[in-house]
Amino acid sequence: MLHKLPKLPYEYDSLEPYFDKETMLLHHTKHHQTYIDKLNAALDKYPHLQERELDEMLKVLSSVPEDIRNAVRNHGGGHINHSFFWKLLKKDTSAKGKEIQKALHSKFGSYEEFEKVFSDAAAGVFGSGWAWVVLDNGKLEIMTTPNQDNPISQGKIPIIGIDVWEHSYYLKHKNKRTDYIKDFLEILNWEQAEVNYRKAKGGK
Ligand code: MN
């Protein structure tokens, strides 16, 4: 079975004026699709791995045959990271009253402090990568990964993640990654973050 591009849960222009239609269209139909195509090409000679859950493979990369390990890490990571990211975007959702908000509040002291630490981490990624809020042994942490690495390869469960590859913001925000991070926080889907948080805790 081949991996397929998931449909976005909204229209390409739904996140305007924060994320523009052209970037969303290219990011989804070209960048994400390319990760999927390259993942499928890598798995082509290992039909039994086409049936395996991708996150199970990324959790234990050493279980993936060596000749395709980097391809699964990069393109498989690209596929699950983007699938995760699209669901985390929605206009007009609020963290109010949610468990994730209470947990962030008790970890960072205030929502504003969380935003600052998260934004600084995302702005500080050198080159291409991601910044994350993860659950690490039951504790909330902020971390970054290079390229398309996913925290599950380090035994951590992602709750919130921001793509800081230039392809995700350059058309609109140009070199101003911090403006893009600010816009991301405006359209962060707290309902989905709450789902991710509850699932991460339940999975422990
Ligand atoms: Mn991307």
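Note that this is a predicted model, so its numbers are computed, not measured. Along the sequence shown, residues carry numbers from 1. Whatever order the structure lists them in is the order used to number ligands and atoms, beginning at 1.
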Handout entry: Total protein N/O/S atoms whose distance from the Mn ion (ligand 1) is less than 2.8 Å
Key =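 Every protein N, O or S atom under 2.8 Å from the Mn ion (ligand 1) counted, the figure is 4.
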
Practice task
For the pair Asn189 (side chain) and Lys87 (backbone), establish whether a donor and an acceptor sit closer than 3.5 Å, ignoring hydrogens and angles.
Solution key: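 Checked: pair present.
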
Exercise for the section: Would you check if the side chain of Glu194 reaches a backbone N or O of Trp190 as a donor-acceptor pair within less than 3.5 Å? Expected result: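 The answer is no, because no donor-acceptor pair under 3.5 Å joins these two groups.
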
N/O donor-acceptor pairs under 3.5 Å from side chains in residues 118-125, not counting sequence neighbours:
residue	atom	partner	partner atom	Å
Ser119	OG	Glu115	O	2.6
Asp120	OD2	Lys116	NZ	3.0

Practice task
Among Tyr180, Tyr10, Trp86, Tyr12, find the one that has a ring pair (Phe, Tyr, Trp, His ring centres under 6.0 Å) with Phe19.
Solution key: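 In the set Tyr180, Tyr10, Trp86, Tyr12, the residue that makes a ring pair (Phe, Tyr, Trp, His ring centres under 6.0 Å) with Phe19 is Tyr180.
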
Exercise for the section: Look at the aromatic rings of His79 and His32 and report parallel, tilted or perpendicular, splitting at 30° and 60°. Expected result: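 Because their plane-to-plane angle lies in the 30° to 60° range, the rings of His79 and His32 count as tilted.
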
Exercise for the section: Check whether any side-chain heavy atom of Leu15 sits under 4.5 Å from a side-chain heavy atom of Met24, and report yes or no. Expected result: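 Yes, their side chains come closer than 4.5 Å.
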
